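These notes are about the structure you will find just below.
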Amino acid sequence: MEKDNIAVGLDIGTTKIVAMIGKKNEYGKLEILGIGKSKSLGVARGVVNNITQTIQSIQQAIVEAENNSGYKIKDVVVGIAGQHIRSIQHTDYISRNNPEEVIGEKDIQLLIDQVNKLAMLPGEEIIHVLPQEFKIDGQSEIKEPIGMYGGRLESSFHVVVGQASSIRNVGRCIQSSGIELSGLTLEPLASADAVLSQEEKEAGVALIDIGGGTTDLAIFKDGIIRHTAVIPFGGNVITDDIKEGCSIIEKQAELLKIKFGSAWPGENKDNEIVSIPGLRGREPKEISLKNLSKIIHARVVEIVEQVFAEIKAYGHEDPRKKLIAGIVLTGGGAQLKHIKQLVEYITGMDTRIGYPNEHLAGNSGEEISSPLYATAVGLVMNSIENSSQSAVRMEMVKEQPKIVYRTAPPVQRYEVEENYVERVETIDEPEEVVSQKAPKNESTETKIRRSFFDRYVDKIKEFLDNAE
């Protein structure tokens, strides 16, 4: 029987859909067993706009991951992003009936339930409630309130809000692809788990995940998530600008961006020229790399300035909110040449490119260690945290069930043995029960994050069942 927790993450992006299967090895590192990638059709700026095409793309990625790993996928943890996601800061409190009793999980749950009753805009739903710091009877900066005494329990919350219909559409695509939805994670949080160290989260850091359709931001300080935002621009807008500016087709524009693109025009000489094949007998087109870099530079500056405006809105200039660890860039857009230097120039903050290899096993391929797969790696890590058994070995699925014949009269047994197939009972191997208990010494924030998403996923499943 399979003893490892096999975890599966599904990153539904605007340009690609990635299914990743992994498990923890004996050293606590993430071992990737298989990966499947397909072109994302039916998703625009992180939002599903064509259910049928999205289902086909998901199925393609799932089948490829299964074939690569030899595991059959049962359920997945999915990342949610998109231009509909926004976050708000909210402070709430409860007055306890008996201050002489220690604060327990039920008190914190009561406080969270109160936050969940906040009035939202029509069509919006609270999808994530993250506690930041607690205050008990005026005593502030308490990270772990459980076990303390007090009458008034107060907390500041980071509340993530999104369009309910968009999230349900994702749930519908997963269900129609023949797999179950086991969890939801905000994509910037998944990317942060994959590429940030605990020291960076403590010191203060801004994670910028530049995807195809959106650019996600997550700010951490004192080990706590402080701000999240989704900017509705990504690598695809850069490709569109190249396509329009150079009058070439999209496929050529994407290749130009990846192979010759740079975010810093000063790096290219005036005489550097690349020749693009013409369409159907037309003359080849010559494009100056300096002009190409100017087009890319203009759009990247716009994206970075929008992200920097969000960092300023958080208040990073306040000495208490200073982001000492600076900025970490990840996602496919982080592979653009000289983008690190441009971000440093615009923001004046230390910048590095974030690779998910810190959490990966030593034998992982170079491709998986790319910033491109940061979100998928983070989703697999999240699935492992949930102790989920998301996939089983293919040979276990194909294994013939044991056949037990019912007792029959001894004389007739051999004459009608073939007909007894109709009266057969199949006894499958009992599935190993995987403990769902949360690991000991879990922080209050982790417990809340886990229980909240469990309940939200149940709510989506209930909605989809009722919709049928």
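Since the model is a prediction, treat every value here as computed from it, not as a measurement.
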### Aromatic ring proximity His316/Phe308, centre distance under 6.0 Å
yes
### Message
Holding to salt bridge (Lys or Arg N to Asp or Glu O under 4.0 Å), I want the full list of residues that pass it with Glu31, two or more places apart in sequence or in another chain.
### Response
none
### Query
Of the non-hydrogen atoms in Pro371 and Ile353, which two are nearest, and what is the gap between them?
CG-CG2, 3.9 Å
### Message
Using every non-hydrogen atom in the two residues, find where Val102 and Asp107 come nearest and quote the distance to one decimal.
### Response
O-OD2, 4.1 Å
### Task
May I ask you to decide whether Arg299 forms a salt bridge with Asp241, counting only side-chain N to carboxylate O separations under 4.0 Å?
yes
### Query
Is it true that atom CD of Glu141 has more than 12 heavy atoms of other residues, nucleotides or ligands lying nearer than 6.0 Å?
no
### Message
What I want to check is whether the side chains of His90 and Ser156 have a donor and an acceptor closer together than 3.5 Å.
### Response
no
### Message
When you measure from the centre of the six-membered ring of Phe134, is the NZ or CZ of Lys143 closer than 6.0 Å and no more than 45° off the axis?
### Response
no
### Query
Looking only at side chains, do Asp209 and Thr330 share a donor and an acceptor under 3.5 Å apart?
no
### Query
Are a donor atom and an acceptor atom from the side chains of Lys257 and Thr239 found within less than 3.5 Å of each other?
yes
### Query
Is it true that the side chains of Gln335 and Ser370 contain a donor and an acceptor less than 3.5 Å apart?
yes
### Task
Indicate whether any N or O donor in one side chain lies under 3.5 Å from an N or O acceptor in the other, for Glu125 and Gln163.
no
### Query
For Val160, does its backbone N or O pair with a side-chain atom of Ser87 as donor and acceptor, under 3.5 Å?
no
### Task
Identify, with sequence neighbours excluded, every residue that meets side-chain hydrogen bond (donor to acceptor under 3.5 Å, both in side chains) alongside Glu305.
none
### Query
Side chains of Ser57 and Ser40: donor-acceptor distance under 3.5 Å anywhere?
no
### Task
Decide whether Tyr373 and Glu367 meet the rule of one side-chain donor and one side-chain acceptor closer than 3.5 Å.
yes
### Least distance between heavy atoms, Ala334 atom then Ile339 atom
O-CG2, 3.7 Å
### Task
Show your reasoning for whether salt bridge (charged side-chain N to carboxylate O under 4.0 Å, His left out) applies to Arg352 and Glu200.
CA-CA 12 Å; Arg352 75 170 177 92; Glu200 283 175 319; 2.9 Å; yes
### Query
If you look at every heavy atom in Ile248 and Ile276, which pair is closest and at what distance?
CG2-CG2, 4.3 Å
